[in-house]
Amino acid sequence: APILPRSTPSPEGWLAIGLGAALLGLVALAVVVLALAREVGMLRLSVAPQGALEIAHEGPEVGAYSPLAGEFDLGPAQIGLAVFTSEGCGLCRMLKPSIDAFGEHHAIVLRSFDEVEHADAWAAADVPGSPFAVTLAPDGTVLSKGTFNTGAQLESVLHAAERRRGAVRA
């Protein structure tokens, strides 16, 4: 410290010192944000994806005949997918493109039931809320059901239906 000059910095000098300190702060902040982003990514990878919520006494009983079967014209290799949505459900609106994409598959017959327009179907299926999905075998048997919040969870309802349909055939 005794070797340093004892002059007071000019206004331009103070500006340069302040700018240098601000830039060092931005670099430190960028490093911290990247470290946090990496940690969040690692947490997401370590958490297993969850399937749709299937509660035993909500909605139609798995393995029972459903009156919704009359809404579907299913071939022997097809699965009926009944999706229950509501007009005021923001999540339902957000998931609509994902839901519609499932209907494009040749082995899936998709029907959407709005809470107001199809109140009778909601009552017949004893739906607890929206979004909710029920899968049906060609004979009208409920294969799986569940409340879902993502397209992946809706896909888990279809996977459960495939597993149970295979078990019934065997």
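- Looking at residues two or more places apart in sequence or on another chain, you find a side chain to side chain contact (heavy atoms under 4.5 Å, CB included) between Leu91 and Cys89, Met94, Leu95, Pro131, Asn149.
- Looking at residues two or more places apart in sequence or on another chain, you find a salt bridge (charged side-chain N to carboxylate O under 4.0 Å, His left out) between Asp100 and Lys96.
- For the atom pair Phe148 CZ and Cys92 SG, the distance stands at 7.0 Å (nearest 0.5 Å).
- Distance check, rounded to the nearest 0.5 Å: CG of Leu24 to CG of Leu29 gives 12.5 Å.
- Within the structure, salt bridge (charged side-chain N to carboxylate O under 4.0 Å, His left out) contacts touching residues 112-138 (residues at least two apart or in different chains) do not occur.
- When the side chains of ILVMFWY residues are joined at heavy-atom separations under 4.5 Å, either directly or via intervening members, Leu110 and Val134 end up in two distinct hydrophobic clusters.
- Residues forming a side-chain hydrogen bond (donor to acceptor under 3.5 Å, both in side chains) with Asp139 (at least two apart in sequence, or on another chain): Thr141.
- How far OG of Ser144 is from CG of Leu158: 6.5 Å, rounded to the nearest 0.5 Å.
- Pairing each heavy atom of Gly59 with each of Phe132, the nearest pair is CA-CZ, 4.2 Å.
- From Leu19, atom CG reaches atom CG of Leu23 across 4.5 Å, with rounding to the nearest 0.5 Å.
- More than 12 heavy atoms of other residues, nucleotides or ligands sit less than 6.0 Å from atom CD of Glu61.
- Here the CZ atom belonging to Arg164 is positioned 8.0 Å from the CG atom belonging to Leu143, to the nearest 0.5 angstrom.
- Annotation: side chain to side chain contact (heavy atoms under 4.5 Å, CB included) contacts of Glu58 (sequence neighbours excluded): Ile55, Pro128.
- Between the side chain of Arg93 and the main chain of Glu87, a donor-acceptor pair closer than 3.5 Å is present.
- Listed by first then second residue, pairs satisfying ring-ring contact (aromatic ring centres under 6.0 Å, His included) with a partner in residues 3-37 number zero, not counting sequence neighbours.
- For residues 92-118, the ring-ring contact (aromatic ring centres under 6.0 Å, His included) pairs, not counting sequence neighbours, are Phe84-Phe113, Phe113-His118.
- The side-chain hydrogen bond (donor to acceptor under 3.5 Å, both in side chains) test applied to Ser130 returns Ser86, not counting sequence neighbours.
- Atoms CG and OG1, on Leu154 and Thr135 in that order, are 10.0 Å from each other to the nearest 0.5 Å.
- In the hydrophobic clustering, where aliphatic and aromatic side chains (Ile, Leu, Val, Met, Phe, Trp, Tyr) are joined below 4.5 Å either directly or transitively, Leu36 groups with Val32.
- Counting only heavy atoms from C-beta outward, the side chains of Val109 and Leu81 never approach each other to under 4.5 Å.
- The side chain to side chain donor-acceptor pair (under 3.5 Å) analysis of residues 62-83, with sequence neighbours excluded, yields no pairs.
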